Amino acid sequence: ATSVLEPMVQLYRVTADRRYLAFARYLVAAWDEPGGPGIVALLLQGRPLPEVANGKAYETLANLVGLCELAQATGERRLVRAVLAAWQDVVDKRLYATGTTSQFEYFQADHDLRDGPYQHVGETCVTTTWIQLNLGLLQLTGQARFGDELERAFYNHLSAAQHPAGNDWCYFTALAGRKQYDAGITCCHSSGPRGLALAPQAAYLRGRARGQALLLVNTFEPSSATLLLGGQRVEVVQRSGFPHRGEASLTLRMAAPARFGLKLRVPD
């Protein structure tokens, strides 16, 4: 797997050292070498995810997360088109109602969504990487549909994978039957907390439209954030009864007037 693509691009964005960008481009180019997984090319041809690379859900999604980072750094629309094709394939054919995908760590045939404990449903690493992918696409596009999938996954499958005491996680989380928590050191034991830690990054975002700053509100939790908007530091405070009540109030505080747009995601 070439999951190192994401941190390589992040290193480039932080340091501006073009060696990291060159290495990221090398990784993507290597996919098209003889015997390579051909990820971008196959997705642009419309191939379903079980037929892309080895069909392993975490590895494929991790590479797509890396493509989102690379597209942010370079503006390459071809990469975005490939990622969007994969996203649509999951949503249309491989997404459980709880916001995860995969059985036995792999993408399955179209609409094969068996949910019992013996199907090894929704590896926590896959749920977390699906969250990363939707966060990356939300940051790239500002489109509410990615916020909807973040909400679905955070509140349902990822939360369900965590033990009520908070210290153990499921490797797989079936929708039916008894959950099997694991106290051992596994990839999912690190991915679960990492996934939940992404929730604040998905809550409030800054954007631009027609030259004007935008505040995008993606959460309905009681929360607060401080962002630079319209040349002013703006404190956003949300008081909410979510998810028990369908109402919230949003208060914006700033030292002087500021002009910016405000967009609130309408929940699916």
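In this chain, numbering begins with 1 at the start of the sequence shown. Side-chain atoms are counted along with the backbone in the values below, which use heavy atoms only and exclude waters and symmetry mates. Worth saying up front: this structure is predicted, and the values here are computed from it rather than measured.
Side-chain contact of Gln212 with Arg210: a donor-acceptor pair under 3.5 Å is absent, judged by distance alone. Of the N and O atoms on the side chains of Ser223 and Tyr204, at least one donor lies less than 3.5 Å from an acceptor on the other residue. Under the 3.5 Å distance criterion, with hydrogens and angles disregarded, a donor-acceptor pair is assigned to the side chains of Asn134 and Trp87. No donor-acceptor contact under 3.5 angstrom links the side chains of Glu59 and Tyr106, judged on distance only. Judged by distance alone, the side chains of Arg114 and Gln108 never bring a donor and an acceptor atom under 3.5 Å apart. Judged by distance alone, the side chains of Lys56 and Tyr58 never bring a donor and an acceptor atom under 3.5 Å apart. Judged by distance alone, the side chains of Thr98 and His157 do bring a donor and an acceptor atom under 3.5 Å apart. In this model, a donor atom of one side chain and an acceptor atom of the other lie less than 3.5 Å apart for Thr127 and Thr100.
Note that CZ of Arg206 and CZ of Phe260 are 12.0 Å apart. Values are rounded to the nearest 0.5 Å. Separating the OH atom in Tyr171 from the CG atom in Asp182 is a distance of 9.0 Å, to the nearest 0.5 Å. Rounded to the nearest 0.5 Å, atoms SG (Cys125) and CZ (Arg194) are 7.0 Å apart. Within the model, atoms CG of Leu135 and OG1 of Thr129 stand 12.5 Å from one another, a figure rounded to the nearest 0.5 Å. Note that CG of Asp17 is 9.0 Å distant from CG of Leu11, once rounded to the nearest 0.5 Å. The CG atom of Leu70 lies 10.0 Å from the CZ atom of Arg13; values are rounded to the nearest 0.5 Å.
Note on Glu76 versus Arg25: salt bridge recorded, some NZ/NE/NH1/NH2 to OD/OE distance being below 4.0 Å. A salt bridge is defined here as a Lys NZ or Arg NE, NH1 or NH2 lying under 4.0 Å from an Asp or Glu carboxylate O, and Asp110 with Arg94 meets this definition.
Connection of Val234 to Leu216 is not established within any shared hydrophobic cluster, with ILVMFWY side chains joined at heavy-atom distances below 4.5 Å, either directly or through further cluster members. When hydrophobic clusters are built by joining Ile, Leu, Val, Met, Phe, Trp and Tyr residues whose side-chain heavy atoms come closer than 4.5 Å, directly or via intermediates, Leu196 is grouped together with Leu198. Phe172 and Val121 end up in different hydrophobic clusters when Ile, Leu, Val, Met, Phe, Trp and Tyr side chains are linked at under 4.5 Å. Linking ILVMFWY side-chain heavy atoms closer than 4.5 Å, directly or via other members, places Leu64 and Val4 in a single hydrophobic cluster. In terms of hydrophobic clustering, with Ile, Leu, Val, Met, Phe, Trp and Tyr side chains grouped at heavy-atom distances under 4.5 Å, Val217 and Phe242 are assigned to different clusters.
Judged by distance alone, the side chain of Gln72 and the main-chain N or O of Leu67 form no donor-acceptor pair under 3.5 Å. When atom types are taken as modelled, the side chain of Glu151 and the backbone of Thr219 share no donor-acceptor pair closer than 3.5 angstrom. Looking at Thr173, its side chain never comes within 3.5 Å of a backbone N or O of Cys170 through a donor-acceptor pair.
Within 6.0 Å of atom CZ in Arg233, 12 or fewer heavy atoms from other residues, nucleotides or ligands are found, so the atom counts as exposed in its surroundings. For Phe104, the CZ atom is densely surrounded, since the number of other residues' heavy atoms within 6.0 Å is greater than 12. Around atom NZ of Lys179, more than 12 heavy atoms belonging to other residues, nucleotides or ligands sit under 6.0 Å away.
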Stepwise side-chain hydrogen bond (donor to acceptor under 3.5 Å, both in side chains) check, Tyr155 with Glu221: CA-CA 11 Å; Tyr155 286 108; Glu221 288 276 4; 2.8 Å; yes
Show your reasoning for whether side chain to side chain contact (heavy atoms under 4.5 Å, CB included) applies to Leu262 and Leu264. CA-CA 7 Å; Leu262 175 64; Leu264 295 95; 3.9 Å; yes
May I have the step-by-step check of side chain to side chain contact (heavy atoms under 4.5 Å, CB included) for His189 and Asp168, ending in yes or no? CA-CA 7 Å; His189 238 271; Asp168 288 339; 3.9 Å; yes
Walk me through it: do Gln139 and Cys68 pass the test side chain to side chain contact (heavy atoms under 4.5 Å, CB included)? CA-CA 9 Å; Gln139 291 169 332; Cys68 284; over 6 Å; no
Please lay out, stage by stage, how Val52 and Phe107 fare under the test side chain to side chain contact (heavy atoms under 4.5 Å, CB included). CA-CA 10 Å; Val52 174; Phe107 291 118; over 6 Å; no
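Inter-residue side-chain proximity for Arg265 and Phe220 is flagged as met; some heavy-atom pair is nearer than 4.5 Å. For the pair Met8 and Glu69, the minimum side-chain heavy-atom distance is 4.5 Å or more. Between Val83 and Leu137 there is a side-chain heavy-atom pair separated by less than 4.5 Å. Counting heavy atoms from C-beta on, the side chains of Val9 and Leu21 never come closer than 4.5 Å. The shortest distance between side-chain heavy atoms of His120 and Glu105 does not fall below 4.5 Å. Leu140 is listed as a side-chain neighbour of Val80, based on a closest heavy-atom distance under 4.5 Å. Counting heavy atoms from C-beta on, the side chains of Arg145 and Glu149 never come closer than 4.5 Å. Using a 4.5 Å heavy-atom threshold, the side chains of Leu44 and Arg81 count as touching.
Between Tyr96 and Thr101, the shortest heavy-atom distance links the atoms CD1-CA, 4.2 Å. When all heavy atoms are compared, the tightest approach of Ala202 to Asn218 is O-ND2, 2.8 Å. Nearest heavy-atom pair, Leu158 versus Trp169, reported as atom, atom and distance to 0.1 Å: O-CZ3, 3.5 Å. Residues Ser102 and Val126 share a closest heavy-atom pair of OG-CG2, 3.8 Å. Listed here is the closest heavy atom pair of Ala85 and Leu43: CB-O, 3.8 Å. Minimum interatomic distance between Ala153 and Ile131 (heavy atoms only, all atoms of both residues): CB-CG1, 3.7 Å.
Separation of the Phe23 and Tyr20 ring centroids does not fall under the 6.0 Å cut-off.
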